[in-house]
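Worksheet: the structure to be examined is printed underneath.
Chain letters run A, B, ... following the sequence lines, proteins first, then strands; residues in each count from 1.
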Protein chains: 2
Amino acid sequence: MARRSDHSREELREMVLSAAEQIVVEQSYSGLSARKVAAAIGYTVGTLYLVFENIDDLILHINARTLDRLHTRMSESKSNSDDARDYLLQLCQVYIHFAAEDPHRWAMVFEHRFSEEREMPAWYMEKIARMFALVEEGIQPLAKNRSEREISQAARAIWGGVHGICILALTNTLDAAGVDSVQELSQSLISNYLKGYTAD
Amino acid sequence: MARRSDHSREELREMVLSAAEQIVVEQSYSGLSARKVAAAIGYTVGTLYLVFENIDDLILHINARTLDRLHTRMSESKSNSDDARDYLLQLCQVYIHFAAEDPHRWAMVFEHRFSEEREMPAWYMEKIARMFALVEEGIQPLAKNRSEREISQAARAIWGGVHGICILALTNTLDAAGVDSVQELSQSLISNYLKGYTAD
DNA sequence: ACCTGAACACCGTTCAAGT
DNA sequence: ACCTGAACACCGTTCAAGT
């Protein structure tokens, strides 16, 4: 056919991106392939390589969008709470809800490994840092006498913890399936951690 | 060639399994392929399907071995400690050390998704339960007045937490790389959790 | 200039045919 | 009986050639 400029570069990029997202939502990471994406938008495989370097690059940009949506969600529950502990529990709830609602895209963020030649780009690291910053802000009021480093450590411990519980739930390793028990476990983790953290 | 019974079924199975493990150790999950395994043992691809149902089945058995090795390691540090808190911290240390030492095989245990038609077999679930049992035993002395369910929950919260920190470290999401900081974060998570847990 | 489509080097899985 | 090897239906990626 050789359809000349039916779509601009930008349009094409957006078409590829959202078609790929659709496939991930429906068939998960392992169901994604360049050929399926191309078929979905009515172009040839080769066309994808005009707007993305390769499949890894495409996945990176899908994941970036997922992190953006997650950050937006987490930001929304910011002002709703005066109690710092409640705020952190709420952040956690939002995170778990997000993971449960959109498991395939959420999982892909953590299933995708960066190769050694193509490391995580700075703009992508920034998106992750932004998420940790929210948690750090939440901890701040509970850690008045702590150094920045200590707060950063606590945020990573808590968030790693919540994340791990989500992962184990996803892989059915907890044999405590269901969103409710993930919420319960995470809330228990955070509550007890904070109780210990603020007891000093 | 048609090499008749050069090797027994059992021998063949073991050859496939350990050749596959070698490839995972060197090239990680994504580097594993049926054809590479076959080439490594000097057989044809088709032969693999005489001793394993498919690649998923092969992976399952590699993962089972990894869980066995991990359990052995964790069991070893059992009697060394009288203090329950120290024992849990030690279990955690062993876990992180194991993950750091053999990251590819460790990661494959959690990267492998069970499909909906082929669910996790009972004998495999048993291996996971056995690991949680060790953690539960560790918590027991610290939770005299707690129900079995509560102890089981605490074990899952703690272990999920440690696991999450390992995962985020593996994917460089924590930007707090290195085994030492993983140890530090995990120890902080457990210590504070237990402080809160035993404060009631 | 834009996109194709065929080629290349890979996959997992099956199964008739050879020894 | 045991294993092969060719076939099938897929992959990601490249790039000369067509419009």
Side-chain angles (χ1 to χ4, degrees), chain A residues 1-17 19-24 26-63 108 111-118, chain B residues 1-17 19-24 26-63 108 111-118:
Chain A
M1 308 172 191
R3 59 182 77 202
R4 302 162 170 272
S5 314
D6 266 16
H7 303 284
S8 72
R9 265 308 113 111
E10 276 312 306
E11 281 173 334
L12 207 55
R13 213 179 141 85
E14 177 55 34
M15 285 164 70
V16 169
L17 214 38
E21 279 187 310
Q22 200 56 40
I23 291 169
V24 173
E26 286 164 9
Q27 305 174 45
S28 94
Y29 188 15
S30 59
L32 181 66
S33 85
R35 289 174 143 91
K36 280 187 196 167
V37 174
I41 63 167
Y43 275 80
T44 296
V45 217
T47 307
L48 298 211
Y49 293 82
L50 297 171
V51 286
F52 288 101
E53 288 182 48
N54 49 37
I55 287 291
D56 265 26
D57 187 37
L58 172 55
I59 289 169
L60 181 73
H61 284 87
I62 297 174
N63 288 348
M108 195 167 76
E111 281 169 4
H112 182 244
R113 298 272 172 276
F114 291 88
S115 58
E116 277 170 38
E117 56 272 25
R118 313 199 125 275
Chain B
M1 310 171 189
R3 58 183 79 202
R4 303 160 170 272
S5 315
D6 266 16
H7 303 283
S8 72
R9 262 314 109 109
E10 277 310 307
E11 282 173 332
L12 207 55
R13 212 180 141 85
E14 177 56 34
M15 286 163 69
V16 170
L17 215 38
E21 279 186 309
Q22 201 55 41
I23 292 169
V24 173
E26 287 163 8
Q27 305 173 46
S28 94
Y29 188 14
S30 60
L32 181 66
S33 84
R35 289 174 142 92
K36 281 187 196 167
V37 174
I41 63 169
Y43 276 81
T44 296
V45 217
T47 308
L48 298 211
Y49 294 83
L50 296 171
V51 286
F52 289 100
E53 289 182 47
N54 49 39
I55 288 291
D56 264 26
D57 188 37
L58 172 56
I59 290 169
L60 182 73
H61 283 88
I62 297 174
N63 288 347
M108 195 168 75
E111 280 170 5
H112 182 244
R113 298 273 171 275
F114 291 88
S115 57
E116 278 169 38
E117 56 272 27
R118 315 198 124 275

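The CG atom of B:L32 lies 10.5 Å from the CD atom of B:E21; values are rounded to the nearest 0.5 Å. With values rounded to the nearest 0.5 angstrom, A:R13 atom CZ is found 4.0 Å from A:F52 atom CZ.
To the nearest whole angstrom, the two C1' atoms, one in C:dC11 and one in D:dA7, are 14 Å apart. Remark: the separation of the P atoms in D:dA9 and C:dA9 is 22 Å, to the nearest Å.
For the pair A:Y43 OH and C:dT4 P, the computed distance is 7 Å after rounding to whole Å. The interatomic distance linking A:I59 (CD1) with D:dG12 (C1') rounds to 11 Å, in whole Å. Rounded to a whole Å, the CD atom of A:E53 is 10 Å from the P atom of D:dT14. Across the protein-nucleic acid pair, B:L32 atom CG and C:dC11 atom P stand 10 Å apart, rounded to whole Å. In this structure, B:E10 places its CD atom 16 Å from C1' of D:dC2, rounding to the nearest Å. Here the P atom of nucleotide D:dC3 and the CG atom of B:L12 are 6 Å apart, to the nearest Å. Remark: C1' of C:dA1 and CG of A:D6 are 14 Å apart, rounded to the nearest angstrom. Rounded to an integer number of Å, the gap from B:D56 CG to C:dT13 P is 7 Å.
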Can you list the steps and then say if B:D6 with B:E11 is a side chain to side chain contact (heavy atoms under 4.5 Å, CB included)? CA-CA 9 Å; B:D6 266 16; B:E11 282 173 332; over 6 Å; no
Check the pair B:N63 / B:L60 against side chain to side chain contact (heavy atoms under 4.5 Å, CB included), numbers first and verdict last. CA-CA 5 Å; B:N63 288 347; B:L60 182 73; 5.7 Å; no
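In this structure, the side chains of A:Y43 and A:L12 come closer than 4.5 Å at one or more pairs of heavy atoms. The closest side-chain heavy-atom distance from A:H61 to A:L17 is below 4.5 Å. Within the 4.5 Å cutoff, the side chain of A:R9 has heavy atoms near those of the A:L50 side chain.
Out of C:dG5, D:dC3, C:dA7, the shortest distance to the side chain of B:L50 is found at D:dC3. Set against C:dG5, D:dG12, C:dG12, the side chain of A:A34 has D:dG12 as its closest nucleotide. Listed candidates were D:dC11, C:dG5, C:dG12. Nearest to the side chain of A:S33 is D:dC11. Distance from the side chain of B:R35 is smallest for D:dA7 among the nucleotides D:dG12, D:dA7, C:dG5. Distance from the side chain of A:K36 is smallest for D:dC11 among the nucleotides D:dG5, D:dC11, C:dT13. Taking only side-chain atoms of A:I55, from C-beta outward, the nucleotide of C:dC3, C:dT13, D:dT13 with the closest atom is D:dT13. When the nucleotides D:dG12, D:dC3, C:dG5 are ranked by their closest atom to the side chain of B:R9, D:dC3 comes out on top.
Closest non-hydrogen pair, B:V45 versus B:A34, comes out as CG1-CB, 4.0 Å.
Between A:T47 and C:dC3, a side-chain N or O to OP1/OP2 separation shorter than 4.0 Å is absent.
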Could you spell out the base pairing of DNA chain D in dot-bracket, with Watson-Crick or G-U pairs whose two distances are under 3.5 Å, [ ] crossing and | to another strand? ||.|||||...|||||.||
